[in-house]
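The structure under discussion appears below in the form of structure tokens.
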Amino acid sequence: MISSIMPTCSRAPMGFEKGAGSWLTDTDGRRFLDFGSGVAVTVLGHAHPRLVAALTAQAGRLWHTSNLYQVPNQQALAEKLVAHTFADTMFFANSGAEAMECAIKCARKYWHAEGRPERHRILTFEGCFHGRTLATISAAGTEKLTKGFGPLLPGFEQLPAADLDAVKAALDGTVAAVVAEPVIGEGGIIPLPDAFLRGLRALCDKTGALLILDEIQSGMGRTGKLFAHEWAGITPDIMAIAKGIGGGFPLGACLATGEAAKGMGPGTHGSTFGGNPLACAVGCAVMDEVTADGFLAHVAAVSGHLRQGLEGLVATYPDVFTLVRGTGLMIGIKCRVANADMVSAGYDAGILTVPGGDNVLRVLPALNISVGEIDEGIARLGTAAQRVAARP
Ligand SMILES: *Cc1c(COP(=O)(O)O)cnc(C)c1O
């Protein structure tokens, strides 16, 4: 008999009752150090006092009015994001996939507004992940995501990642946009080289194609900059963000330049819940924390410490791990054993990590994690690795 929850996800046996900072307590009272952040979501850890205060204050005032009216918190959050990014404008959604849907629609509508509707093709990269809606699985194209869900949406073409020649060959007068994840997340924490991102920007400029970045996982301070593309010194035309921006409250957004968004007039797109007062109250508090003086410097400082510790683990357990890659607090440890075995050995050692593509163990702690907690996490990962290595 099927479970009451559709079994789309194989879940670990434990569930959590409460959290504080980088720590979670399960329903049996066991404590876990959270090195996964619910997949790069809880950027300020659990139950951050400022976020709790923002949400509870808003909860006592007003929950929902719809986008038929002005939503003051939504306006405030948009202004903060405009002030700190390339964007002139944005659309708020409830998730990453919806943010990507808006990005795709925005790019196609741009060319429609330009009187060039034949420019509708969207180029994406192999190994990228953009969500689970029909458009976003069609965009990624990976069989694991698409199998059995056809017919897929036409107009997407996947190119080998980080291959500028492939992009050059594919960019013609029918391409609306190119979509890239600056740091491939689900696919196994693979940063695209800065030179590739700069080359991609230049090719888009030359051909007029819009550059869409999916910073749903890499954004909101995760790499030590507010957004990962800043490292390459480029800006996109359109960017999808979600995960960390609500600090654990569901929130997504599609940011764009005024030019790229010129097709998105009244009635072109919408969402009942997108940008609701609760989500945006929390979103404003997250933005204030992440853009506060010293916050991103902390990410850079502790990420160096984490990286060193993880390199040490790889050296100590060469039969378990092969290498560490990634940037900031978005780290992947490539495993020699099955990554799922490491994740579950981590549970036994009281630490949560997230499996990723290419047999990677993802380490995505809260951005305000302390050096002491990082040391504790490395010790626990060491215990887990030792147990896995000792297995026959
Ligand atoms: C998680 C993720 C998504 C999808 O976000 P949802 O909120 O699950 O819809 C899309 N792109 C990237 C890069 C992601 O990491």
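Numbering of ligands and ligand atoms starts at 1, following listing order. Keep in mind that the numbers below use all heavy atoms, side chains included, and drop hydrogens, waters and symmetry copies.
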[X] neighbourhood, listing ligand 1 atoms whose heavy-atom distance to it stays under 4.0 Å:
{"X": "K243", "value": "1 (C), 2 (C), 3 (C), 14 (C), 15 (O)"}
{"X": "D214", "value": "10 (C), 11 (N), 12 (C), 13 (C)"}
{"X": "A97", "value": "4 (C), 5 (O), 6 (P), 9 (O)"}
{"X": "G131", "value": "4 (C), 10 (C)"}

So, are [X] and [Y] salt-bridged, with charged N and O less than 4.0 Å apart?
{"X": "K105", "Y": "E101", "answer": "no"}
{"X": "R119", "Y": "E114", "answer": "no"}
{"X": "K334", "Y": "D358", "answer": "yes"}

Worksheet item: Can you find an N/O atom of G96 closer than 3.5 Å to an N/O atom of ligand 1?
Response: yes

Practice prompt. Flag A242 as yes when one of its N or O atoms lies below 3.5 Å from any N or O atom of ligand 1, and as no otherwise.
Written response: no

Item to complete: Please examine the side chains of D88 and V82, heavy atoms only from C-beta on, and report whether any two atoms are closer than 4.5 Å.
Response: no

Practice prompt. Return yes if a side-chain donor-acceptor contact under 3.5 Å exists between E215 and S218, otherwise no.
Written response: yes

Discussion item. Determine whether any protein heavy atom is located less than 4.0 Å from atom 15 (O) of ligand 1.
Written reply: yes

Response to the item:
Filtering H130, E186, E181, E98 for the heavy atom nearest atom 13 (C) of ligand 1 leaves E181

Discussion item. Under 4.5 Å between side-chain heavy atoms, counting indirect links through other Ile/Leu/Val/Met/Phe/Trp/Tyr residues: same cluster for F129 and M220 or not?
Written reply: no

